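Just so you know, these numbers come straight off a predicted model, no measurement behind them.
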Amino acid sequence: MNAHPSSGHDSERDPGSGSGRGTDRWQATASAAGLLAEDGSVAVTIFAEMSALAVRTGAINLGQGFPDVDGPEYVKQAAIKAIEAGRNQYAPGDGVPELRQAVAEHQKRHYGLDVDPDTEVLVTTGATEALTASVLALTRPGDEVLTLEPFYDSHAAAIGMSGATHVTVPLVPGPEGFRLDVDALRSAATDRLRMILLNSPHNPTGTVLTRDELEVVAAVAREHDAIVVTDEVYEHLTFGAEHVPVATLPGMAERTLTISSSGKTFSFTGWKVGWVHGPADLVTAVRTVKQYLTYTSGAPFQPAIAQALADDDTPRALAASLAGRRDLLCAGLEAAGFVVTRPAGTYFVMADASAVLARLGLRDGVELCRRLPELAGVVAIPASAFCRAGSPTAQALANHVRFTFVKREEVLREAATRLASLGITPQ
């Protein structure tokens with residue numbers, strides 16, 4: 001997959017709805033992320049708002065997905081040793097060699113992917129930088145970038161920065177969880193499709209896309225000569241579901257950029273050590289942009305994560321623990337009157353609060369989340385925060401809220417007790 005295609009894309013491009021024509025780029029970014037009001041003011045993200053609300057009220061914060069315990073001690077000690085050894089100046093822009101090698105070995109060991117650590121791996125400041133740099137490097141006004149909806153908020157913001165047009169296809173809730181509307185996917189793809197930005201295991205729904213669903217994505221990408229950028233940060237945190245990297249599917253390695261990070265897998269979200277790998281020409285394009293963003297970061301953390309990536313037991317134990325904590329929180333939510341869509345992966349569970357809203361006389365998930373700290377001493381995030389304002393998916397999920405279960409069991413038990421005080425009896 002060439003980083004600079006000519007076929008299927010006009011040289012004179014219509015900026016499209018995502019271009020932000022007539023506005024500064026920061027405004028286009030804020031608008032894409034749903035933060036720009038009609039009067040031009042910029043709101044804080046819902047995550048910042050809810051986290052501040054948790055601090056102000058003393059509520060249990062099940063909104064923002066970060067662990068309340070650290071990752072393995074040996075990884076922390078490896079970082080300390082790197083600091084003491086003087087690895088405190090700029091790391092190479094590509095990332096330290098041992099981490100790039102560790103990423104390549106990880107992909108070979110888990111997925112059978114042959115990755116050249118010297119030309120096909122780039123270390124980034126978390127997965128977020130990898131995603132943003134990929135979108136900025138490989139799209140421009142007139143291009144279309146297709147994502148799932150609901151979507152992780154930084155996906156929309158990155159598309160807004162690039163000036164490309166954001167196209168979405170829905171994940172639809174049902175008895176088997178949230179599933180991809182494959183007919184909508186096929187219909188949404190046009191000759192302007194440049195990139196499919198995919199997230200599986202999926203935040204916020206906890207869906208793990210099936211091989212059949214991914215085969216449809218791959219077919220659409222091949223048909224339209226599109227790049228696929230995959231956000232796989234929860235790759236090891238699945239509960240009985242198979243995670244299938246898109247790059248392993250026939251004909252997809254040459255057009256796929258695969259992104260992951262250490263934050264979720266090893267519970268070091270604050271270290272911000274991520275990576276992207278794929279064909280050398282695409283990685284070169286991403287590197288060209290990335291070097292003018294952070295250039296490099298996390299010098300003593302990179303060798304520590306290189307050691308961690310050889311450890312398959314820790315992620316396996318974390319996934320098993322999270323499965324139990326998922327079940328604990330789901331039971332508490334159901335007892336409080338929520339209808340839960342049980343996740344197959346990630347840190348998160350989506351819950352339909354319709355019965356709770358009716359009982360409390362509240363309008364929607366946004367109002368519930370703003371009142372929940374006062375009513376029950378718990379913080380959650382409304383599902384609409386992960387949707388385009390006014391979209392059919394936003395309307396369909398208006399009563400849904402997202403909770404995280406990546407907290408200690410005693411915290412989740414206390415949250416369940418507090419939620420029970422809402423006084424809802426399941427029907």
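Side chain of Asp24 to main chain of Trp26: no donor-acceptor pair is present (N/O by atom type, distance under 3.5 Å, no hydrogens or angles). Although no hydrogens or angles enter the test, the distance criterion places a donor-acceptor pair under 3.5 Å between the side chain of Asn199 and the main chain of Asp231. With Thr256 contributing its side chain and Ala253 its backbone, the two residues share no donor-acceptor pair below 3.5 Å. No side-chain donor-acceptor contact under 3.5 Å links Ser321 to the backbone of Ala317. Thr341 contributes no side-chain N or O that, together with a main-chain N or O of Gly177, makes up a donor-acceptor pair within less than 3.5 Å. In this structure, Arg25 contributes its side chain and Met161 its backbone to a donor-acceptor pair below 3.5 Å. Remark: the backbone N or O of Gly345 is not paired with any side-chain donor or acceptor of Thr238 at under 3.5 angstrom. At least one donor-acceptor pair closer than 3.5 Å links the side chain of Arg402 to the backbone N or O of Gly63. Side chain of His224 to backbone of Arg192: no donor-acceptor contact under 3.5 angstrom is found.
In this structure the side chain of Arg342 reaches within 4.5 angstrom of the side chain of Glu334, judged on heavy atoms. Using a 4.5 Å cut-off on side-chain heavy atoms (C-beta onward), Arg100 and Val103 make no contact. Side-chain contact between Thr258 and Val115 is absent, with no heavy-atom pair separated by less than 4.5 Å. Side-chain contact between Leu357 and Arg363: absent, with no pair of heavy atoms (C-beta onward) separated by less than 4.5 Å. Contact check for Thr165 versus Asp143: no side-chain heavy atoms found under the 4.5 Å cut-off. Proximity of Leu180 to Val216: side-chain heavy atoms (C-beta onward) are nowhere separated by under 4.5 Å. The shortest side-chain heavy-atom distance between Phe178 and Leu397 falls under the 4.5 Å cut-off. Side chains of Phe268 and Pro72 form a contact here, defined as non-hydrogen atoms less than 4.5 Å apart.
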Would you please test Asp225 and Arg194 for salt bridge (Lys or Arg N to Asp or Glu O under 4.0 Å) and show each step? CA-CA 7 Å; Asp225 193 27; Arg194 171 62 171 150; over 6 Å; no

Do Arg408 and Glu414 pass the salt bridge (Lys or Arg N to Asp or Glu O under 4.0 Å) test, and can you show the C-alpha distance, the side-chain angles, and the key distance before you say yes or no? CA-CA 10 Å; Arg408 288 167 290 134; Glu414 174 61 22; over 6 Å; no

Should Phe348 and His202 be marked as a ring-ring contact (aromatic ring centres under 6.0 Å, His included) after you check the CA-CA gap, both sets of side-chain angles, and the distance that decides it? CA-CA 9 Å; Phe348 305 107; His202 182 260; 10.0 Å; no

Run the numbers on Glu215 and Arg211 for salt bridge (Lys or Arg N to Asp or Glu O under 4.0 Å), then give the verdict. CA-CA 6 Å; Glu215 289 282 10; Arg211 185 177 294 272; 5.2 Å; no

Is there a salt bridge (Lys or Arg N to Asp or Glu O under 4.0 Å) between Glu49 and Arg370? Walk through the geometry before answering. CA-CA 9 Å; Glu49 179 187 349; Arg370 287 179 171 147; 2.7 Å; yes

Please walk me through it: do Leu282 and Arg255 pass side chain to side chain contact (heavy atoms under 4.5 Å, CB included)? CA-CA 8 Å; Leu282 297 184; Arg255 64 173 66 248; 5.6 Å; no

Starting from the C-alpha separation in whole Å, work towards a yes-or-no answer on side chain to side chain contact (heavy atoms under 4.5 Å, CB included) for Ile80 and Gln77. CA-CA 5 Å; Ile80 291 169; Gln77 290 302 316; 3.8 Å; yes

Candidate pair Glu374 and Thr57, rule side-chain hydrogen bond (donor to acceptor under 3.5 Å, both in side chains), full reasoning: CA-CA 7 Å; Glu374 166 199 343; Thr57 62; over 6 Å; no

Could you give me the CA-CA distance, side-chain angles and deciding distance for Leu146 and Leu197, then say whether side chain to side chain contact (heavy atoms under 4.5 Å, CB included) is met? CA-CA 6 Å; Leu146 188 151; Leu197 178 50; over 6 Å; no

Please determine whether side chain to side chain contact (heavy atoms under 4.5 Å, CB included) holds for the pair Val244 and Thr210, giving the CA-CA distance in whole Å, both sets of side-chain angles, and the decisive distance to 0.1 Å. CA-CA 7 Å; Val244 180; Thr210 66; over 6 Å; no

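Remark: the Thr207 side chain and the Thr205 side chain contain an N/O donor-acceptor pair separated by less than 3.5 Å. Residues Ser41 and Asp39 have side chains that bring a donor and an acceptor to within less than 3.5 angstrom of each other. In summary, the side chains of Thr346 and Asn203 do not present any donor paired with an acceptor at a separation below 3.5 Å, with no hydrogens or angles considered. Asp311 and Tyr74 share a donor-acceptor pair across their side chains, judged by distance under 3.5 Å alone. No hydrogens or angles considered: nothing links the side chains of Thr147 and Thr168 as a donor-acceptor pair under 3.5 Å. In the model, Glu129 has a side-chain atom that pairs as donor or acceptor with a side-chain atom of Thr294 under 3.5 Å. When only modelled atom types and interatomic distance are considered, Ser154 and Thr128 share no side-chain donor-acceptor pair under 3.5 Å. When only modelled atom types and interatomic distance are considered, Thr404 and Gln64 share no side-chain donor-acceptor pair under 3.5 Å. Between the side chains of Ser391 and Glu149, at least one donor N or O lies within less than 3.5 Å of an accepting N or O.
The minimum heavy-atom distance linking Pro150 with Cys387 is given by the pair CB-SG, 3.9 Å. Across every non-hydrogen atom of Phe403 and Leu329, the tightest pair is CB-CD2, 3.8 Å. Taking both residues in full, the closest heavy atoms of Ala59 and Val379 are given as CB-CG2, 3.9 Å, listed atom of the first, atom of the second, then distance. Residue Glu232 comes nearest to Ser260 through the heavy atom pair O-OG, 3.3 Å, listed as atom of the first residue, atom of the second, then distance. In terms of heavy-atom proximity, Asp364 sits nearest to Asn399 at CA-OD1, 3.8 Å. Residue Ala158 comes nearest to Leu136 through the heavy atom pair O-CD2, 4.4 Å, listed as atom of the first residue, atom of the second, then distance.
Ring pair His236/Tyr111 is parallel by interplanar angle, where below 30° counts as parallel and above 60° as perpendicular. Taking the six-membered ring for Trp and thresholds of 30 and 60 degrees, His106 and His110 have ring planes inclined between 30 and 60 degrees apart.
To the nearest 0.5 Å, atoms OG (Ser162) and CE (Met195) are separated by 8.0 Å. Distance check, rounded to the nearest 0.5 Å: OG1 of Thr29 to CG of Leu35 gives 10.0 Å.
With a 6.0 Å cutoff to the six-membered ring centre and a 45° limit on the axis angle, Lys76 does not count as a cation-pi contact of Phe301. A cation-pi arrangement, defined by a distance under 6.0 Å to the six-membered ring centre and an angle within 45 degrees of its axis, is absent between Arg325 and Phe405.
Centroid-to-centroid, the aromatic rings of Tyr234 and His243 stay 6.0 Å apart or farther.
Taking Arg56 as the reference, nothing meets the salt bridge (Lys or Arg N to Asp or Glu O under 4.0 Å) condition, with sequence neighbours excluded.
Among Leu372, Leu362, Leu360, the one residue that satisfies the side chain to side chain contact (heavy atoms under 4.5 Å, CB included) test with Glu367 is Leu362. For the pairing with Phe47, the ring pair (Phe, Tyr, Trp, His ring centres under 6.0 Å) check across Phe66, Phe386, Tyr152 returns one residue only, Phe386.
For Glu176, the CD atom is loosely surrounded, since the number of other residues' heavy atoms within 6.0 Å does not exceed 12.
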